Amino acid sequence: MLSTPTMSIFEKALDAATLRQRAISNNIANVDTPHYRTQSVVFEDELQKAMAKSSTAFTAYRTNEKHLPFGMASLQDVGPKLQVDKAVGPMQNSANNVDLDFEMTNLARNQLWYNALVQQASGQYNKLRTVIGGK
């Protein structure tokens, strides 16, 4: 009952924010490491593609995990992925491409995103509690 598609998306988005926090922390920690390449997390674009695809597709109701999924299967398969930036970009003399200002901005943005997701997920549970409690 608590595993609705909305809560599943919140769960995956929180996983992505957590992984992104770890990647940014690694980037900041390795700002002086020679030949270090920045890490980033890919999630939001893949989620939007899956949501666009699933909104137009017919969705089957599954009563057992062993049933073949269709419709929302692409949404279930979406998850955050860590990738290493191999593109040539601004570099330090040590061939390190970490831009500390950029990473600090991403850190603040990710923290705001995480807090917004937690508030939205909490709001979903509060609505459910209100419905169950009848208040």
Side-chain angles (χ1 to χ4, degrees):
M1 178 173 179
L2 296 177
S3 64
T4 63
T6 303
M7 292 309 291
S8 176
I9 291 172
F10 280 132
E11 180 182 343
K12 289 177 187 261
L14 286 168
D15 289 344
T18 302
L19 184 60
R20 185 169 291 123
Q21 177 79 16
R22 191 175 311 135
I24 294 169
S25 298
N26 284 340
N27 292 341
I28 292 171
N30 290 296
V31 70
D32 291 327
T33 304
H35 303 285
Y36 179 81
R37 309 302 296 177
T38 57
Q39 299 174 342
S40 61
V41 173
V42 177
F43 175 68
E44 285 80 7
D45 291 338
E46 297 297 321
L47 179 64
Q48 284 184 348
K49 287 178 191 172
M51 288 178 71
K53 187 176 177 182
S54 67
S55 67
T56 59
F58 177 74
T59 304
Y61 180 71
R62 294 173 35 190
T63 57
N64 189 321
E65 292 294 321
K66 294 179 181 175
H67 292 167
L68 294 176
F70 57 89
M72 296 291 283
S74 61
L75 190 58
Q76 294 170 352
D77 296 337
V78 173
K81 294 181 181 126
L82 188 68
Q83 68 179 24
V84 177
D85 183 17
K86 298 186 188 255
V88 176
M91 285 193 200
Q92 302 171 3
N93 289 336
S94 64
N96 181 323
N97 69 345
V98 176
D99 181 354
L100 193 57
D101 291 335
F102 181 75
E103 297 300 329
M104 294 304 283
T105 303
N106 281 342
L107 187 69
R109 181 186 318 151
N110 191 51
Q111 185 64 45
L112 290 172
W113 175 244
Y114 183 86
N115 289 342
L117 287 171
V118 168
Q119 285 181 347
Q120 288 295 317
S122 176
Q124 290 289 324
Y125 282 117
N126 285 338
K127 288 177 191 174
L128 186 61
R129 186 180 324 140
T130 301
V131 169
I132 291 172
K135 294 181 182 180

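Here the structure is a predicted model, which is why all the values come from computation and not from measurement.
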Would L112 end up clustered with L19 when hydrophobic side chains under 4.5 Å apart are linked, directly or stepwise? no
Quick one: CG on L14 to CG on L117, what's the gap to the nearest 0.5 Å? 5.0 Å
Rounding to 0.5 Å, atoms CZ (R37) and CD (Q83) come to a distance of 12.5 Å
Gap between atom OG of S40 and atom NZ of K81 - 0.5 Å precision: 12.5 Å
Rounded to the nearest 0.5 Å, what's the gap from OG1 on T105 to CG on N110? Could you check? 12.5 Å
Is there a side-chain contact between T6 and Q124 in this structure, where contact means two heavy atoms from C-beta onward sitting under 4.5 Å apart? yes
Partners of E11 by salt bridge (Lys or Arg N to Asp or Glu O under 4.0 Å), sequence neighbours excluded? none
Pairing residues for Q48 by the side-chain hydrogen bond (donor to acceptor under 3.5 Å, both in side chains) criterion, not counting sequence neighbours: none
Treat each ILVMFWY residue as a node, draw an edge where side-chain heavy atoms are under 4.5 Å apart, and state whether V42 and L82 are in one component. no
Side chain to side chain contact (heavy atoms under 4.5 Å, CB included) against T18, all qualifying residues, sequence neighbours excluded: R22, Y114
Using the side-chain hydrogen bond (donor to acceptor under 3.5 Å, both in side chains) criterion, which residues pair with E44? Sequence neighbours excluded. R20
CD1 of I28 to OG1 of T38, rounded to nearest 0.5 Å, is 12.0 Å
Mind checking what makes side-chain hydrogen bond (donor to acceptor under 3.5 Å, both in side chains) contact with T33, not counting sequence neighbours? N30
What heavy-atom pair brings N96 and V31 nearest, and what distance separates the two atoms? ND2-O, 3.1 Å
Taking only residues two or more places apart in sequence, or in another chain, which ones meet D101 in a side-chain hydrogen bond (donor to acceptor under 3.5 Å, both in side chains)? none
Using side-chain heavy atoms (C-beta onward) and a distance below 4.5 Å, is N27 in contact with F102? no
Within the 4.5 Å heavy-atom criterion, are Q21 and L107 side-chain neighbours or not? yes
Non-hydrogen side-chain atoms of F43 and V78 separated by less than 4.5 Å: yes
Interatomic spacing from OG in S25 to CD in Q39 - rounded to 0.5 Å: 10.5 Å
